[in-house]
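Here is how names work: the chains are called A, B, and so on, in the same order as the sequence lines, proteins then strands, and each is numbered from 1. Quick note: numbers below take in every heavy atom, side chains included, and nothing from hydrogens, waters or symmetry partners.
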Protein chains: 2
Amino acid sequence: MDQNRKDRLEGAGWRVGNAEDFLELTPEEAAFVELKLALARFLRDVRVQQGWTQAQTAKRLGSSQSRFAKMEAADASVSVDLLVKSLLGLGATREQVGEVIARAA
Amino acid sequence: MDQNRKDRLEGAGWRVGNAEDFLELTPEEAAFVELKLALARFLRDVRVQQGWTQAQTAKRLGSSQSRFAKMEAADASVSVDLLVKSLLGLGATREQVGEVIARAA
DNA sequence: GACGACTATGTCGGATCGGACATATCATGT
DNA sequence: ACATGATATGTCCGATCCGACATAGTCGTC
């Protein structure tokens with residue numbers, strides 16, 4: 001978010017911060033959701049890169065469009081296991097998965 | 001395993017290989033179990049490094065000695081979520097977790 | 001603004017996971 | 001050999017997860 005937008009929102013009575021502040025997560029919990037978000041973003045990138053739809057990709061993985069949408073959204077009902085298995089199933093390497101976890105914003 | 005031992009075992013009628021060969025896993029499945037094993041080894045390393053017992057560490061994490069033993073053994077009943085949450089709970093960083101996944105043998 | 005293709009959200013039943021307990025195995029000291 | 005502390009293994013049941021379906025929202029094209 002750029003600083004202007006932040007200022008405008010705060011001027012209007014909003015608090016602007018990250019998930020940790022807003023939901024009052026512990027540092028570990030925050031690190032965990034960031035990790036999940038990083039995997040979810042990578043999953044979307046891989047799919048879009050290939051020019052596939054959610055439905056196509058889900059079928060390929062033996063899953064459903066709705067669940068795949070939840071994966072990309074890092075929904076609370078989606079495990080890291082599922083994200084990692086899906087990424088590996090789409091051809092990502094263990095090295096790539098590790099890098100994404102280690103270096104993602 | 002060194003080559004001598006491999007030869008001796010194979011001479012005695014054993015097949016020697018990795019989990020992928022033995023259990024006939026697909027490459028993705030093999031990558032996934034390797035990833036889990038890497039996290040499990042790291043978890044043990046972190047604990048031992050601190051000079052803690054499984055029971056102490058489990059209590060710290062709100063878990064039990066038996067489940068923690070299964071974590072270190074990368075038991076099938078243990079999820080990557082649990083391994084990652086435990087590592088973060090013991091003070092490991094997201095970067096370390098990623099590195100372990102990316103670079104482990 | 002209706003249609004179609006794609007994505008997002010809510011829910012459910014069956015499957016898997018996790019803490020706990022009991023018990024077994026292993027290591028070390030006496 | 002026995003005791004003690006630590007780790008490993010098996011099982012149970014409540015909690016969570018996942019595929020599936022239904023349906024709602026979004027976006028572009030006509």
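In this structure, CE of B:Met71 is placed 15 Å from P of D:dT9, rounded to the nearest angstrom. For B:Asp81 and C:dT16, the CG to C1' distance is 12 Å, given to the nearest whole Å. When the C1' atom of C:dT7 is taken as reference, atom CZ of A:Phe68 falls 12 Å away, rounded to whole Å. Going from atom CG of B:Asp75 over to atom P of D:dT7 covers 17 Å, rounded to whole Å. Taking atom CD of residue B:Gln54 and atom P of nucleotide D:dA8, one finds them 5 Å apart after rounding to whole Å. Atom-to-atom, CG of B:Leu83 to P of C:dC17 comes out at 12 Å; the value is rounded to the nearest Å. When the C1' atom of C:dT7 is taken as reference, atom CG of A:Leu43 falls 14 Å away, rounded to whole Å. Counting to the nearest Å, the P atom of D:dT7 and the CD atom of B:Glu72 are 7 Å from each other.
Contact check, A:Arg44 against C:dA8: a side-chain N or O comes under 4.0 Å of OP1 or OP2. For A:Ser63, a side-chain nitrogen or oxygen approaches OP1 or OP2 of D:dG19 to under 4.0 Å. Contact annotation: A:Arg47 reaches the phosphate of C:dT7 (side-chain N/O to OP1 or OP2, under 4.0 Å).
Side chain B:Lys70 to base D:dT11: a donor-acceptor pair is found below 3.5 Å. A donor-acceptor contact under 3.5 angstrom links the side-chain atoms of A:Gln65 to the base of C:dA8. For A:Ser66 and D:dA20, a side-chain-to-base donor-acceptor distance below 3.5 Å is present, hydrogens and geometry of angles not being considered.
Following chains of ILVMFWY side-chain contacts shorter than 4.5 Å, one can reach A:Trp52 starting from A:Leu61, so the two form part of one hydrophobic cluster. No path of Ile, Leu, Val, Met, Phe, Trp and Tyr side chains, each step under 4.5 Å between heavy atoms, connects A:Leu82 with B:Val33, placing them in separate hydrophobic clusters.
The nearest heavy atom of DNA chain D to B:Arg67 and to A:Val78 marks one nucleotide each, and the one closer to the 5' end goes with B:Arg67. Both B:Ala73 and B:Lys85 lie near DNA chain D, and the one whose nearest nucleotide falls closer to the 5' end is B:Ala73.
The structure places CG of B:Leu37 at 15.0 Å from CZ of B:Phe42, a figure rounded to the nearest 0.5 Å.
Salt bridge B:Arg94/A:Glu34: present, at least one basic N to carboxylate O contact under 4.0 Å. Taking the charged nitrogens against the carboxylate oxygens, A:Arg47 and A:Glu72 do have a contact shorter than 4.0 Å, which makes a salt bridge.
Among the nucleotides D:dG19, C:dG18, D:dT7, the one closest to the side chain of A:Leu82 is D:dG19. The listed nucleotides are C:dA8, C:dC6, D:dT7; the one nearest the side chain of B:Thr53 is D:dT7.
At a threshold of 4.0 angstrom between heavy atoms, the contacts of A:Ser79 are confined to the sugar-phosphate backbone, with no base atom among them. A:Ser64 comes within contact range of at least one nucleobase, with a heavy-atom separation under 4.0 Å.
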